[in-house]
Amino acid sequence: MVFQRRRHHERVVVPAGVLGLTAISAAAIFIFMVLAFLTVLVPTLLDHPAFPNPPENLRRARRSSKLMENPVEMKRMGLGGESFRVPSGGDMSQSDLWESKRSKYYCGCSNASKEFEKADSVTIPNRYLMISTSGGLNQQRTGIIDAVVVARILKATLIVPMLDQKSFWKDASNFKEVFDLEWFISSLSEDVKIIKELPKKGGKIVSTTYRMRVPRKCTPKCYESRVLPPLLKKHVVHLTKFDYRLSNKLENNLQKLRCRVNYHALRFTESIQKMGNTLIKRMKSKSKHFIALHLRFEPDMLAFSGCYYGGGDKERTELSAIRKRWKTLHVSNPEKERRQGRCPLTPEEVGLMLRALGYGNDVHIYVASGEVYGGEETLAPLKALFPNYHSKETLAKEELAPFLPFSSRMAALDYVVCDGSDVFVTNNNGNMAKILAGRRRYFGHRRTIRPNAKKLSSLYQNRSAINWNDFESKVRTFQKGFMGEPNEVRPGRGEFHENPSACLCEATGEGIVSPNIQPRVELITGKTNLSKSDSERNDLDEDWVDWDYGETTALANALPNTADMDEDPDLEVFSD
C-alpha cells in the first residue's frame with residue numbers, strides 16, 4: 001500500500017516544543033504503513049475475494065475482460081474501489097438448502113382418463129407418420145415426445161423417430177443406441193401404435209412417402225388441415241426438422257400423454273443408465289449431498305446469444321466470426337440483452353449466487369459443460385469458491401471410452417447425473433435446463449435453481465457499491481420464485497416441458513398410491529394443482545429469450561423474420 005505525500009507550497013513553522021510529538025507521530029505512521037503492507041501479503045482466512053466491476057472510465061480505457069484477469073491481481077491493483085470478501089462457509093440456518101419443505105405434498109400424475117380411448121380403437125390402418133428430429137439430444141427429445149402426440153392426433157401409426165445425425169456434432173447414433181427402444185414401444189402401446197419401420201410388401205414399401213415440414217407451435221387443427229390431407233392421399237407422411245412443432249397448449253389428455261412419454265417411456269439404454277448411476281454413486285461417496293451445475297459458456301453459445309462479457313476487441317472479433325454461420329441472426333445490443341437477463345451467468349456469477357444462497361466451499365459440485373470460453377481463467381473464480389469441482393471426465397476416465405465418440409451419449413450421461421443430484425443449477429435457459437426443470441418438478445419438486453438473471457445481472461454490475469451482507473440479502477430476495485418450489489410458476493406458463501402443470505398434483509387426504517405407471521408418484525386422491533398466489537408468481541418467461549446454444553428453439557423474438565428461422569438450414573446445426 002502506498003501513500004502519496006501531500007505537498008504544501010506555503011512555509012510551515014513548527015514550534016520546538018512539538019518536535020518530540022512529531023517524531024513519535026512519524027514513527028507511528030511508519031509502523032502503520034508497514035503493518036498495512038504486510039496485511040496485503042498475508043493470506044486471508046476467507047476463501048475468495050469477489051471483485052466488483054471497475055468504474056466505467058477504467059473499464060473502457062483498459063478494454064480487458066473481467067473473465068480473463070486474476071481476481072487477486074485485480075485486488076492488488078486497486079481496481080473498482082472497495083470490494084467485499086466472500087465467506088468460505090455456508091449459511092447453516094438455511095434448513096431447506098437441499099430440498100423443499102413442501103415437496104412431499106406434490107407429485108406427478110399422468111394417468112390417462114377413462115375417456116382417453118386405447119390405441120387399438122382409434123388408430124386407422126394405412127396411416128403412417130415418420131419423424132426426423134432436429135438439434136441436440138434434448139431438442140431431439142422434445143421432438144420425440146411431440147411426435148407421439150401428433151401420431152395420436154392424426155390417428156396414425158408412428159414409425160420410430162429418426163435422430164438428427166447431420167447437425168453440429170455429426171453423431172451417427174440411432175434411436176436404439178440412445179434410448180431403450182423396446183420399452184418405448186411397449187410402454188406406449190395403449191396410447192399410440194409404434195413400429196420400427198414401414199411395412200413392406202414383396203420387399204418394397206407399400207406407399208410413397210410425402211415429405212413436409214409444419215410450422216412451429218402447430219395446433220391439433222393445424223395438423224388436421226395441413227398434414228391429414230396428404231396423409232390420406234399418400235398414406236405415409238415424413239415430417240422433417242421436427243422440434244417444437246406442436247402447440248404448447250393442448251387439452252389435458254394430450255398433455256398427460258406428453259408426460260407419459262417424457263417421464264416414463266423415454267429412458268436411456270442400459271449402458272448409459274448404468275454409467276450415469278456409477279457417476280452418481282461416486283459423487284455421493286464424496287459427500288452426503290451434491291450440486292449438479294449445467295454450465296453453458298461455450299464460445300459458440302456466447303456467439304449465438306449475442307452477449308458480451310467485457311473481453312474487448314479480442315472477444316468481439318472471435319465471437320463475431322462464429323456468429324457468421326447464422327446468416328439470419330440480427331445484430332443484437334449486448335448491453336441491453338444483459339440488462340434484460342437474456343445472457344447466461346458467468347461461472348463466477350453462478351458461484352457467487354450459490355454462496356449467497358448459503359452453500360459453503362465444502363459442497364461438491366458436478367459440472368456438465370462443454371468448452372468454456374476463456375478456459376481455466378474463466379473457471380478459476382468458480383473453482384476458488386467451490387474447490388470440490390467434478391465432471392464425468394474427472395470421475396471416470398477409461399470407463400468413458402465407449403461413449404467418447406458419441407456426443408449424444410456423453411450428453412445423456414450428464415443428463416442422468418444432473419437428474420440424480422440433490423440440487424440442480426443452471427446458468428441458462430436452454431433445452432436441457434428446461435427438460436430437467438420439468439422432470440424434477442414432476443418427480444417431487446426436487447430442488448432446482450434457475451437464476452433470476454434480469455435482477456441478478458443488475459446486481460452484479462453494481463456490486464461495487466454494496467457489501468457482502470447486502471449482496472447476499474438481495475440475491476436471496478431475487479431468487480424467490482426461482483428455486484424449484486411448488487406453485488412458483490403459473491400453470492400454462494413457459495414451455496410445457498419445463499412446467500408440466502397438467503401433470504402436477506397436490507396430495508390430499510392420506511395420499512393413496514395408484515398402481516399405474518409410476519407407483520411412487522401417482523396419487524388417486526391427488527388434485528390438479530392450479531392454484532397460485534400473486535406473490536409467488538414470477539416473470540420467468542420475460543427474463544429469458546429462448547435461445548439454446550445453436551438449437552434455435554423459439555428464437556422468433558430475436559429474428560427479423562420467423563419464416564427465415566424455419567427455412568434456413570444454417571440455423572439448425574447446433575447443440576444443447
Side-chain angles (χ1 to χ4, degrees), residues 47-54 58-77 79-80 83 86 168 293-325 332 334-335 337-338 341-355 365-394 414 425-430 432-433 451 453 456-457 460-461 463-464 547-550 574-576:
D47 77 307
H48 176 67
F51 300 99
N53 295 325
L58 286 177
R59 188 163 62 246
R60 290 176 179 172
R62 290 173 55 82
R63 291 291 182 187
S64 61
S65 172
K66 182 185 73 173
L67 296 176
M68 306 306 167
E69 293 177 322
N70 185 318
V72 175
E73 291 303 317
M74 290 178 66
K75 174 65 177 177
R76 290 177 180 172
M77 291 167 61
L79 295 179
S83 64
V86 182
F168 187 71
L293 167 61
H294 184 225
L295 183 64
R296 303 304 305 277
F297 214 71
E298 298 91 342
D300 307 79
M301 185 277 296
L302 295 184
F304 186 81
S305 68
C307 297
Y308 172 70
Y309 291 91
D313 293 339
K314 181 176 183 293
E315 179 183 328
R316 290 190 178 94
T317 300
E318 291 174 345
L319 299 186
S320 293
I322 299 173
R323 280 178 65 83
K324 291 179 180 178
R325 74 177 65 178
S332 63
E335 291 185 4
E337 295 293 299
R338 195 156 173 79
R342 293 171 179 168
C343 296
L345 269 58
T346 68
E348 178 186 15
E349 289 169 346
V350 174
L352 290 174
M353 177 188 72
L354 290 175
R355 182 57 50 80
I365 294 186
Y366 176 93
V367 179
S369 175
E371 173 194 359
V372 172
Y373 185 64
E376 284 301 312
E377 288 183 271
T378 302
L379 287 171
L382 174 62
K383 289 184 176 181
L385 283 162
F386 294 96
N388 297 313
Y389 182 103
H390 311 277
S391 66
K392 55 183 176 293
E393 289 80 8
T394 64
D414 279 336
V425 183
T426 178
N427 74 327
N428 67 92
N429 197 40
M432 182 168 167
L456 288 179
S457 176
Y460 288 130
Q461 294 299 313
R463 71 178 188 260
S464 60
W547 52 261
D548 194 359
Y549 173 31
F574 236 159
S575 65
D576 67 341

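Nothing fancy with the numbering, it's 1 onward along the sequence.
Taking CG of Leu456 as the start and CD of Gln461 as the end, the distance is 11.5 Å to the nearest 0.5 Å. Residue Leu345 holds its CG atom at 6.5 Å from CE of Met353, rounded to the nearest 0.5 Å.
Salt-bridge formation is detected for the pair Glu348/Arg463: a Lys NZ or Arg NE/NH1/NH2 atom is positioned less than 4.0 Å from an Asp or Glu carboxylate oxygen. For the pair Glu377 and Lys383, the salt-bridge criterion is not met [side-chain N within less than 4.0 Å of a carboxylate O].
With hydrogens and angles ignored, the 3.5 Å screen pairs a side-chain donor or acceptor of Ser369 with a backbone N or O of Leu295. Panel note: side chain Ser457, backbone Arg338; a donor-acceptor pair is recorded below 3.5 Å. Proximity of a side-chain donor or acceptor of Ser320 to a complementary backbone N or O of Thr317 within less than 3.5 Å is not detected. With hydrogens and angles ignored, the 3.5 Å screen pairs no side-chain donor or acceptor of Glu337 with any backbone N or O of Gly306.
The shortest non-hydrogen separation linking Val425 to Leu354 is CG2-CD2, 3.9 Å. For the residue pair Pro334 and Cys307, the shortest heavy atom distance occurs at CB-C, 4.3 Å. Minimum heavy-atom separation, Pro299 to Glu371: CD-O, 3.3 Å. Heavy-atom minimum distance, Leu382 versus Gly351: CD1-CA, 3.8 Å. Among all heavy-atom pairs drawn from Leu385 and Val86, the shortest one is CD2-CG1, 3.8 Å.
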side-chain contact (heavy atoms from CB on, under 4.5 Å) between His294 and Asn428, worked out: CA-CA 8 Å; His294 184 225; Asn428 67 92; 3.5 Å; yes
Step-by-step side-chain contact (heavy atoms from CB on, under 4.5 Å) determination, Phe304 to Arg323: CA-CA 6 Å; Phe304 186 81; Arg323 280 178 65 83; 5.7 Å; no
From CA spacing to verdict: side-chain contact (heavy atoms from CB on, under 4.5 Å), Thr346, Thr378: CA-CA 8 Å; Thr346 68; Thr378 302; 5.7 Å; no
Criterion side-chain contact (heavy atoms from CB on, under 4.5 Å) on Ile322 and Arg325, from CA distance to verdict: CA-CA 6 Å; Ile322 299 173; Arg325 74 177 65 178; 4.0 Å; yes
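Between Tyr389 and Val367, some side-chain heavy-atom pair lies under the 4.5 Å cut-off. Put simply, the side chain of Lys392 reaches to within 4.5 Å of the side chain of Asp414, judged on heavy atoms.
With Tyr309 as the partner, the ring-ring contact (aromatic ring centres under 6.0 Å, His included) test is satisfied by one option alone out of Tyr373, Tyr460, Phe297: Phe297.
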